[in-house]
Amino acid sequence: MWTYFAGLGIGVLMLLWVLQIFFLNNGYERMKIQEVDRVGGLLKSAYKSQDKNLNSSIQELSVINDFYVMMEVKGQILLFAPEQESTLPIYKYKDQLPQLKEAIFKGDPDSPTFFKFSTMYEKYSTLAYALFLDDTKDKEVILYIFSPLYPVTSTVNILKDQLINVTIITLLVTFILAGYLASSISKPIRGITSTAKQMGTGDYNVNFRVDSFTEINNLANTLNMTAYELGMADTRQKDLIANVSHDLKTPLTMIRSYAEMIRDLSGNDPEKREVHLGVIIDESVRMANLVSDMATISAMRTAKMELNKSSFDLSAITASILASYEILEAQEGYQFKFTCPKECFVYADEDRIKQVIANLTGNAIKYGGEDKLVSVNIRRSGKKYRLEVSDNGPGISAEELPHVWDRYYKVSSNYVRPASGTGLGLSIVKEILTLHHARYGVSSKLGKGSTFWFELEMAKPQKA
Ligand code: ADP
């Protein structure tokens, strides 16, 4: 970084040297030629328009630009400028006048003639210029301009002296400033790199130090946030492993002890054996649910879930899911209330939407109220169908409500009776509905119950 900064400083200085010292001479001559040409053009147009002030314009321009100007009409020099010097230029440049004249008669009458010459009177050279103001045979009006080319060597020398000072000071300032900038930028970056390395080893409890530079500041803040998120994910992951091993261990212990009981005690008692087998079956169902939830989540994490969309009747699949709860109705007194339009076709992934409805109704059963009532309602909402699953359970507090969609989240409230959840169901629901770009949500009041809902675009029935 220091090298780049210093290099830039040196480059700028070199450019300054080249422009000032080497090109000053050339530039000066080019500028003079342009100036003479410009004045010549001005005077020609003033002559052409028969400007009454031509004489005074010539005087003025010659003084301003330090030129000698002469006008010759049919071989007679009629006008000199500047006036004070009277006829001096004629004597000064008498050797060049015939040359200029010859050149101008030979060349194009509309374009000027230039050349550079030196005389024995002066140390410096002079730029000579001639232009026809009128080239008709009987008039032949010629304009001559002589511009001394004062030597720039002395100026160049002064500049050189000054440039040496400027170079020394600039280089010193550049090196110091470059050093300061380089260290103040690279030091915090080195700090961030070493903290990132520490984070790479799995230590998420790190702090990226913020700095005075906005960009580095932003980087440090972003990395701090990343470290925090990674730390959270890591904690959740560890919690999950702990939960999962605990959750798997409990049903496994139950299955093992009831199996042993059947072998040792109830094997020959049909009644007790049925009860014990029932426990074994329930526990294995619980385990199977847990394992399948975890498998879904991990599949969603590793590969992007592909949707297999088709047009289907939302009310039909809801009815079939509710029908599978018949046993709960018959044996445990649950009530399912289902209202829907006659047909409600949507275009979505049928299996995934079944999974969503099963998760929402399953939760309404698990976390429902004493009345054991679960209501499912489908209705039109604009160009969409809205499905709502409501229960009269203990509900979820406003603080916890936004988190129920998070992975592995279980409401901590005591109102909710312990249930065999995995904390994964709603995050699967969220993932599926997000993939469908569907709106979804929940409203809940403590002690009153909860309503989970989602909306899907209406579709035409698919032709068979
Ligand atoms: P779980 O497998 O634990 O049910 P979910 O992701 O489906 O996981 O739900 C997350 C948490 O949200 C649940 O543990 C529960 O505390 C709460 N929850 C979900 N649905 C309801 C509901 N209908 N009423 C009250 N709480 C609910």
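What you are looking at is a predicted structure, and each value in this text was computed from that prediction instead of being measured. When a ligand or atom number is given, it counts from 1 through the structure's own listing order.
With V404, N363, D406 as candidates, the residue nearest to atom 20 (N) of ligand 1 on a non-hydrogen basis is N363. Considering each of T451, V429, I396, I365, the one bringing a non-hydrogen atom nearest atom 26 (N) of ligand 1 is I396. In this structure, of V374, T361, L426, the residue bringing a heavy atom nearest to atom 9 (O) of ligand 1 is L426.
Scored by the side-chain hydrogen bond (donor to acceptor under 3.5 Å, both in side chains) test, K445 finds no partners at all (sequence neighbours excluded). E329 pairs by the side-chain hydrogen bond (donor to acceptor under 3.5 Å, both in side chains) definition with nothing, not counting sequence neighbours.
Geometrically, K309 does not engage Y347 in a cation-pi contact defined by less than 6.0 Å to the ring centre and at most 45° from the axis.
Salt-bridge check for E35 with R38: passed, with a basic side-chain N closer than 4.0 Å to an acidic carboxylate O. Under 4.0 Å is where a charged nitrogen must lie from a carboxylate oxygen, and between R379 and E388 at least one such pair does.
Atom numbering of ligand 1 starts at 1 in the shown order; those under 4.0 Å from a heavy atom of K366 are 1 (P), 2 (O), 4 (O). Below 4.0 Å from some heavy atom of G425 lie the following atoms of ligand 1, by number and element: 5 (P), 6 (O), 7 (O), 8 (O). Distances below 4.0 Å separate heavy atoms of F452 from the following atoms of ligand 1: 20 (N), 21 (C), 22 (C), 23 (N). Residue-ligand proximity, S450 to ligand 1, at heavy-atom distances under 4.0 Å covers atoms 22 (C), 24 (N), 25 (C).
The shell of residues lying under 4.0 angstrom from ligand 1, judged by heavy atoms, excludes G393. Residue contacts with ligand 1 leave out W405, since none of its heavy atoms falls under 4.0 Å from the ligand.
Between W405 and F452, the angle of the ring planes goes over 60°, which puts this pair in the perpendicular group of the 30/60° scheme.
Here Y325 and F336 bring their ring centres to under 6.0 angstrom of each other.
Neither the backbone nor the side chain of N359 has a heavy atom within less than 4.0 Å of ligand 1.
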